[in-house]
Amino acid sequence: EAPPTGKVGTRFDLEKETELRFEVEAGEAAEQVELELISGMAEVFGSELNRNKKYTFGPGSKIAVFTWQGCSVNLFGKPEVAYVSKDTPMLLYLNTHAALEQMRKQAERENERGPRVMVVGPTDVGKSTVCRVLLNYAVRVGRRPTLVELDVGQNGVSVPGTLSALCIERPADVEEGFSVQAPLVYHFGSTTPGTNIKLYNKLTSCLAEVFSRRCEVNRKASVGGCIINTCGWVKGSGYQALVHCASTFQVDVVLVLDQERLYNELKRDLPHFVRVVLLPKSGGVAERSKKCRRDAREEKIREYFYGFRGLSFYPFSFEVRFSDIRIYKIGAPSIPDSCLPLGMSQDDTQLKLVPVTPGRDLTYHVLSVSSIEDGEEGARKGIVEAPVCGFIVVTFVDTQTQMMKVLSPAPRPLPRHTLLIMDIRFMDMK
Ligand code: ADP
């Protein structure tokens with residue numbers, strides 16, 4: 001698509017250490033907004049802007065253009081809001097980066113591992129944004145940090161309902177975010193950790209183990225450390241999940257955004273050598289409604305199948321015979337302790353593989369394709385801890401002929417035949 005031409009931009013002159021915040025109206029009919037840097041230097045969440053290049057932002061985008069030295073930019077189109085703010089925590093975020101960089105230098109000198117950082121806080125405080133800024137700054141000074149994404153609701157790496165890890169090798173694209181090549185992805189199956197906290201903690205540990213193993217053989221990854229993005233659920237089991245994550249990843253630094261209570265609790269409960277730091281949230285972070293989140297999740301699934309703007313994918317649709325696949329749900333519904341068979345605990349039920357008989361109610365569900373070799377199927381236990389190699393959506397079920405139709409990023413046949421069902425559904429309106 002050629003950018004609309006002939007539009008007159010609105011010019012903003014920014015003083016040093018200020019930011020231009022703007023939001024693009026949500027909804028299908030909304031017009032996109034274009035941004036152009038005219039003079040000086042500026043960055044969007046830690047990624048530098050090129051001069052005289054138009055960046056396009058789609059419906060629902062909430063953007064901050066920050067400048068360390070001062071700059072002029074043009075906005076084209078009709079943003080829902082656009083204003084300049086002098087009050088930004090970017091300097092604190094930069095100082096945080098500088099402290100982490102010191103730790104990396106020390107790790108290099110002493111043949112140790114680099115900082116493992118967990119970013120926590122309630123929803124809509126800018127956790128993902130802080131992760132992005134810190135990763136960008138690290139990669140810009142030549143580091144190779146790892147992003148660990150534990151936010152199963154709003155996931156920057158893969159489709160919702162997954163936990164994942166991604167090695168960062170270049171700054172995030174201003175419009176599209178980090179390039180997602182070869183992420184390590186695990187199936188969780190729903191958008192909140194609360195639906196199966198045992199599984200959530202188990203998969204967090206799986207990621208920690210894989211990351212640690214990688215650090216043993218890859219010095220750059222080890223020195224680069226990791227930045228862990230977490231869920232906004234910070235009470236009860238959600239809080240316990242954060243403590244579990246800190247311990248399984250052996251984090252060195254916890255950045256708490258905007259919640260003193262959480263900060264005090266973590267200071268109290270984590271070992272004394274963990275540095276717990278309270279950081280303010282940016283006034284620019286906008287609260288997102290339930291609908292906004294739902295739309296963002298759906299968009300993420302759509303992107304998985306259809307690509308993103310410049311890069312379109314053409315997914316395939318084909319039939320799959322029930323007899324060729326095995327579908328499981330992870331976690332049996334919990335039953336009272338008194339009803340559990342002797343020697344079995346609730347933990348066992350939450351990690352149990354329950355075979356799913358394909359029926360009409362499977363329609364529109366997202367299924368993860370497990371990477372487990374078909375031959376290994378006997379080793380059922382391995383399925384829960386096996387990464388996934390992709391996702392399909394069931395678009396039609398025919399119980400008569402024992403077939404279902406699926407939407408898939410790759411042509412038939414399916415690479416593997418063990419499928420895991422998500423609570424998440426996707427209705428393909430294209
Ligand atoms: P969380 O991860 O805590 O849920 P996010 O980092 O996803 O929060 O931020 C929520 C929204 O706010 C995102 O759309 C993000 O682009 C936007 N945002 C973050 N920082 C700013 C800022 N300084 N100005 C404007 N929008 C921002």
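Atoms within a ligand are numbered from 1 in the order they appear, just like the ligands themselves.
The backbone N or O of Thr192 lies less than 3.5 Å from a partner atom in the side chain of Ser190, making a donor-acceptor pair. For His244 (side chain) and Asn201 (main-chain N/O), a donor-acceptor pair under 3.5 Å exists by modelled atom type. Side-chain atoms of Ser47 come within 3.5 Å of backbone atoms of Ala172 as a donor-acceptor pair (strictly under, hydrogens ignored). In terms of modelled atom types and a separation under 3.5 Å, the side chain of Tyr55 and the main chain of Asn50 share a donor-acceptor contact. Under the 3.5 Å distance criterion, the side-chain polar atoms of Lys78 are left unmatched by any main-chain donor or acceptor of Ala30.
The shortest contact between atom 6 (O) of ligand 1 and any protein heavy atom is with Thr129 OG1, 2.6 Å. In terms of protein heavy atoms, atom 22 (C) of ligand 1 is closest to Ala64 CB, 3.4 Å. When only non-hydrogen protein atoms are considered, atom 1 (P) of ligand 1 lies nearest to Lys127 N, 3.5 Å. The protein heavy atom nearest to atom 26 (N) of ligand 1 is Gly284 O, 3.2 Å. Nearest non-hydrogen protein atom to atom 16 (O) of ligand 1 is Lys62 O, 2.7 Å. Of the protein's non-hydrogen atoms, Ser128 OG, 2.6 Å is the one closest to atom 2 (O) of ligand 1.
Close contacts of ligand 1 with Asp124, meaning ligand atoms under 4.0 Å from a residue heavy atom, involve 1 (P), 3 (O), 4 (O). Per-residue contacts place Ala286 under 4.0 angstrom from the following atoms of ligand 1 (heavy atoms of the residue considered): 12 (O). Proximity to Ser282 (heavy-atom distance under 4.0 Å) selects the following atoms of ligand 1: 22 (C), 23 (N).
Distance CD/Glu175 to OG/Ser61: 9.5 Å, rounded to 0.5 Å.
At a 4.0 Å cut-off, at least one heavy atom of Glu19 sits close enough to ligand 1 to count as contact. Distances shorter than 4.0 angstrom occur between a heavy atom of Phe45 and an atom of ligand 1.
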Side-chain donor-acceptor distances from residues 246-268 under 3.5 Å, at least two apart:
from: Thr248; atom 1: OG1; to: Ser205; atom 2: OG; distance (Å): 3.3
from: Asp252; atom 1: OD2; to: Arg113; atom 2: NH1; distance (Å): 3.3
from: Asp252; atom 1: OD2; to: Arg116; atom 2: N; distance (Å): 2.8
from: Asn264; atom 1: ND2; to: Glu260; atom 2: O; distance (Å): 3.2

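Under 4.0 angstrom from ligand 1, the non-hydrogen atoms of Arg21 all belong to its side chain. Residue contacts with ligand 1 for Ile63 involve N, CA, C or O but no side-chain atom from C-beta outward (heavy atoms, distance under 4.0 Å). When non-hydrogen atoms are compared, ligand 1 lies under 4.0 Å from the side chain of Arg288 (C-beta onward) but not from its backbone.
Polar contact check, Thr123 against ligand 1: no nitrogen or oxygen pair lies under 3.5 Å apart. Note: no N/O pair closer than 3.5 Å links Val285 and ligand 1 by distance alone.
Between Phe188 and Tyr200, the ring-plane angle classifies as perpendicular under the 30° and 60° cut-offs.
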Worked check of side chain to side chain contact (heavy atoms under 4.5 Å, CB included) between Phe178 and Val139: CA-CA 11 Å; Phe178 289 111; Val139 79; 5.5 Å; no
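Looking at Asp295 and Arg288, no side-chain N of the basic residue comes within less than 4.0 Å of a carboxylate O on the acidic one, giving no salt bridge.
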